[in-house]
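Here is the structure we will look at, set down as structure tokens.
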Amino acid sequence: MRYFDQTQRSRRFLISATFLVLSFFILLLGFFNLQVLHRQYYLDISIHNVIRQVKINPVRGLILDRDGDILVDNRPSFSAALIRAHTADSTINRVAHFLGMKVNDIKARLRKSPRFAPTIIRRDLDEQTRTLLEENQYFLPGFELILDFKRYYPQEINSPHIFGYIGEVNEREQKQDPRYELGDMIGKAGLERYYDIELRGIKGVRYVRVDASGKMLGDYDPELNVPAIHGSDLYLTLDYDLQKFAESLMIDRRGSLVAIDVRTGGILALVSKPDYDIRALSGKIDADVWKALIEDKAHPLYSRSIQSAYPPGSTYKIVAAIAALQENIITPSWKAYCPGYFRLGRKVIRCWNPKGHGELDLYGAIKNSCNVYFYQLGLKIGLETWSKYSKILGFGQKTGIDLPNENAGLVPTIQYFNRIYGENGWTRGNLANLAIGQGELLTTPLQIAQFVMILANRGVYYRPHLVDHLYNYQTHKTIYFPTESRVVSEVSSEVFDIVREGMHQVVNGGTGWLGKVPGIDMAGKTGTSQNPHGEPHAWFMAFAPYSHPEVAIAVIVENGGSGGGVAAPIARKFLEMYFYNRLIPRPVIKKDTLQVEEGINPLPIDSLAPTPILRIPEIH
């Protein structure tokens with residue numbers, strides 16, 4: 001009996017000891033889990049219960065014109081934010097009521113946000129709503145008002161296709177660039193997007209003490225705080241007086257005007273119409289306004305200058321002429337007879353002049369824009385040579401302008417036609433059509449303006465750009481846009497001189513006489529491109545002065561009809577403003593921009609002398 005009791009006590013002791021050991025082991029595992037495996041997680045919670053990092057948004061960089069006039073500025077703006085770790089349902093319900101939002105929408109947004117970082121749920125609060133929230137902030141644990149900035153545009157500033165707009169980063173954009181955080185405001189279009197990293201600056205950090213409910217009690221240690229760094233300011237090549245005038249010339253029209261300083265590639269004016277009020281996309285974007293812009297059949301969000309691609313019409317006859325001359329297929333004296341039509345097999349193709357132009361050499365064909373001459377010339381050139389020189393002269397590829405979403409256009413090749421129509425499925429008629437800038441050929445207004453720069457400089461050109469330089473607030477240095485000179489070395493200066501003379505005759509008694517600026521010797525080319533959806537598009541391209549070029553311009557008016565009658569007068573008025581009514585001095589061109597490849601004739605040094613500024617009473 002005593003033996004049985006002793007055995008039972010031993011068993012109980014063993015069970016108790018085993019239980020204690022297991023309990024101690026479980027506690028040990030728990031401590032290991034807390035102190036080792038999840039140490040950082042609980043440390044973060046502990047720290048955030050006492051100290052919080054508050055991100056300080058930097059001031060976004062300004063955008064200024066060449067004279068330093070501010071075009072895009074900033075104004076303070078307040079946003080409503082919630083911290084998920086400290087926000088109760090009662091706070092969400094009250095904030096939703098004050099902001100007129102749905103509770104479920106706020107909760108859905110919070111579920112995707114970090115626990116301790118403020119999540120913005122409404123931007124650009126009006127004064128009444130901000131005051132209401134401030135008065136009730138004590139009863140809203142987890143709620144914060146965040147000082148932010150929104151874009152501000154001085155009076156008379158618009159040009160939305162140049163500046164673009166900013167908006168909140170989405171998940172796709174954040175994954176593409178880890179420098180972005182959810183909730184950041186980034187550039188969505190135009191210069192705002194292209195130069196977003198430079199414009200946005202660098203965030204600062206402030207360390208503050210908080211209580212258990214998340215309310216801020218003051219700075220933790222001011223010496224640990226890091227100030228935000230102002231975003232870089234962009235200084236443009238634009239003369240905004242010229243830009244405004246160019247926009248006024250295109251009011252109530254659809255189309256584009258692009259003007260380039262041929263000595264640097266700097267954009268002087270870039271207009272796309274129709275457009276929209278840039279202020280409509282500043283700050284909080286109204287859903288109805290955005291929907292109206294998206295559904296507008298005139299496509300005001302679309303930059304016609306760099307995104308729309310059109311058949312260039314007769315402006316492209318200059319490309320055919322260059323190809324034929326450079327390949328020694330013809331000389332300037334080669335003639336063709338124009339009776340007003342051209343018979344190609346069983347098909348009859350009409351010239352724009354039904355009476356015909358008679359017998360013409362190359363100069364006369366360019367001056368009078370004779371279709372029949374260039375139909376025949378296109379057949380002599382052949383598709384392969386025509387495509388080759390189209391690409392040499394910058395077509396079918398992006399110019400590289402500092403704006404996003406540029407269209408490369410389309411230069412058809414033999415491979416392209418074989419893919420579209422099948423081998424032997426296309427005819428010589430396709431080539432004849434291409435030679436006069438019709439058919440499958442597509443170009444942007446910017447490409448045409450760049451082409452005029454090439455012609456003006458006899459093959460020397462520069463990458464088109466809007467930003468001249470930027471000022472970096474972190475390094476306190478001014479960084480200039482690198483002027484990238486390029487050379488069309490495959491075409492001789494003699495060939496350029498021939499086509500330039502043809503264009504000179506266009507504005508001196510030819511189809512482009514309405515584009516001539518009084519007192520300014522210049523050269524140009526008209527174009528009227530057929531449009532299957534309505535009236536033809538009106539084109540005009542030009543450069544001036546003829547001997548010492550400064551500016552190249554391209555104008556297109558959709559469904560405008562005659563290039564000489566509609567587009568040319570618009571270009572003339574712009575150039576009149578440029579040469580006669582501008583009171584600011586011409587930019588100083590650095591000598592190093594004249595460095596070109598060996599064997600290519602650069603612009604003469606005296607071409608850099610400023611043109612005297614004349615005055616006339618008004619612009620006609």
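Keep in mind that what you see is a predicted model, and the values were worked out from it rather than measured.
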Using a 3.5 Å distance criterion without hydrogens, assess whether the side chain of S256 forms a donor-acceptor pair with backbone atoms of P445. no

Is a donor on one side and an acceptor on the other found under 3.5 Å between the side chain of R254 and the backbone of P274? no

Is a salt bridge present between R486 and E484, judged by a nitrogen-to-oxygen distance below 4.0 Å? yes

Going by atom types only, do N371 and K317 share a side-chain donor-acceptor pair under 3.5 Å? yes

Work out which heavy atom in L379 is nearest to a heavy atom in L431; give both atom names and the distance. CA-CD2, 4.2 Å

Heavy-atom side-chain contact between W539 and T528 under 4.5 Å: no

Could you grab the distance from atom OG1 of T444 to atom CD of E406, nearest 0.5 Å is fine? 6.0 Å

Between F395 and I448, is the side-chain contact (heavy atoms from CB on, under 4.5 Å) condition met? List the steps. CA-CA 8 Å; F395 295 101; I448 294 294; 3.9 Å; yes

Would you give the length of the straight line joining atom CD of E494 to atom CD1 of I498, rounded to the nearest 0.5 angstrom? 8.0 Å

Quick one: do the T526 and T511 side chains pair a donor with an acceptor below 3.5 Å? yes

I would like to know whether Y316 and S529 meet side chain to side chain donor-acceptor pair (under 3.5 Å); could you show each step before the answer? CA-CA 10 Å; Y316 214 77; S529 63; over 6 Å; no

Test salt bridge (charged side-chain N to carboxylate O under 4.0 Å, His left out) on D73 and R151 and set out the steps. CA-CA 6 Å; D73 203 345; R151 283 311 208 184; over 6 Å; no

Any donor-acceptor pair under 3.5 Å from S305 side chain to L446 backbone: no

Look only at the side chain of N74 and the backbone of R60, and say whether a donor-acceptor pair between them is shorter than 3.5 Å. yes

Inter-residue atom distance T331.OG1 - L325.CG, 0.5 Å rounding: 8.0 Å

M453 and F543: side-chain contact (heavy atoms from CB on, under 4.5 Å), yes or no, with the steps? CA-CA 7 Å; M453 174 168 49; F543 66 86; over 6 Å; no

Interatomic distance, I70 atom CD1 to L62 atom CG [nearest 0.5 angstrom]: 5.0 Å

Without hydrogens or angle criteria, can the side chains of T399 and Q447 be said to hold a donor-acceptor pair below 3.5 Å? no

Under 3.5 Å donor-acceptor, E192 side chain and I186 backbone: no

Modelled atom types, side-chain donor and acceptor of Y473 and D233, under 3.5 Å: yes

Distance-only side-chain donor-acceptor flag, S159 / Y240, under 3.5 Å: yes

R193 and Y165, any side-chain heavy atoms less than 4.5 Å apart: no

Over all heavy atoms of both residues, which pair between N433 and G439 is shortest? Give the atoms and the distance, please. ND2-N, 3.6 Å

Polar contact flag, side-chain donor to acceptor under 3.5 angstrom, H161-Y302: no

Please report the C-alpha distance between L268 and T237 in whole Å, then the side-chain angles of each, then the deciding distance to 0.1 Å, and finally whether the side-chain contact (heavy atoms from CB on, under 4.5 Å) criterion is met. CA-CA 6 Å; L268 299 172; T237 59; 5.8 Å; no

Checking Q174, R200, R179 against D184 for side-chain hydrogen bond (donor to acceptor under 3.5 Å, both in side chains), the one that qualifies is R200

State whether a side-chain donor-acceptor pair under 3.5 Å links E558 with Y310. yes

Considering all heavy atoms of both residues, which atom of Q243 and which atom of A269 are nearest to each other, and what is their separation? OE1-CA, 3.2 Å

Atom CD in Q450, atom OG1 in T443: separation rounded to 0.5 Å? 11.5 Å

Determine whether the aromatic ring centres of residues Y235 and Y471 are separated by less than 6.0 angstrom. no

Inspect the contact between E576 and R572 and indicate whether a charged nitrogen and a carboxylate oxygen are less than 4.0 angstrom apart. yes

If the plane angle is over 60° it's perpendicular, under 30° parallel, otherwise tilted; pick one for Y373 and W334. perpendicular

N472 side-chain N/O to Q474 backbone N/O, donor-acceptor pair under 3.5 Å: yes

Any side-chain heavy atom of L191 sitting closer than 4.5 Å to one from L466? yes

For N457 and V262, work out which heavy atoms get closest and say how close. ND2-O, 2.7 Å

Closest approach of L393 to V488 (non-hydrogen atoms, all atoms of both residues): CD2-CG1, 4.2 Å

Judged by modelled atom types alone, do Y578 and E550 share a side-chain donor-acceptor pair under 3.5 Å? yes

Please check if the side chain of K516 supplies one atom and the backbone of I520 the other of a donor-acceptor pair under 3.5 Å. yes

Should the pair D402-R463 be classified as a salt bridge under the 4.0 Å nitrogen-to-oxygen rule? no

Please check if atom CH2 in W513 has more than 12 non-hydrogen atoms from other residues, nucleotides or ligands closer than 6.0 Å. no

Using only heavy-atom distances, determine whether the side chains of S272 and S303 contain a donor-acceptor pair under 3.5 Å. no

So do the side chains of S369 and K525 get within less than 4.5 Å of each other, counting heavy atoms only? yes

Cation-pi between R263 and Y462: NZ/CZ under 6.0 Å from ring centre and within 45° of the ring axis? no

Could you tell me which non-hydrogen atom of V452 sits nearest to which non-hydrogen atom of A542, and how far apart they are? CG1-O, 3.1 Å

Heavy-atom distance under 4.5 Å between the side chains of E440 and N430, does that happen here? yes

Got a donor-acceptor contact below 3.5 angstrom from the N158 side chain to the I278 backbone? yes

Between R66 and D468, does any NZ, NE, NH1 or NH2 come within less than 4.0 Å of an OD or OE carboxylate oxygen? no

Ignoring hydrogens and angles, state whether a donor on the side chain of Y195 or S232 is under 3.5 Å from an acceptor on the partner side chain. no

Take F374 and L362 through the test side-chain contact (heavy atoms from CB on, under 4.5 Å) and record every step on the way to the result. CA-CA 9 Å; F374 282 95; L362 179 62; 4.2 Å; yes

Approximate separation, where rounding is to 0.5 Å, of R304 CZ and D275 CG: 10.0 Å

I'd like to know if the side chain of E327 reaches the main chain of T385, judged simply by a donor and an acceptor atom lying under 3.5 Å from each other, with no hydrogens or angles considered. no

Side-chain touch L301/Y276, heavy atoms, less than 4.5 angstrom: yes

Flag side-chain contact, heavy atom, 4.5 Å: M522 against F579: no

Where the side chain of D69 meets the backbone of D65, is there a donor-acceptor pair that is under 3.5 Å apart? no

Taking the side chain as every heavy atom from C-beta outward, state whether L441 and P311 have any pair of such atoms under 4.5 Å apart. no

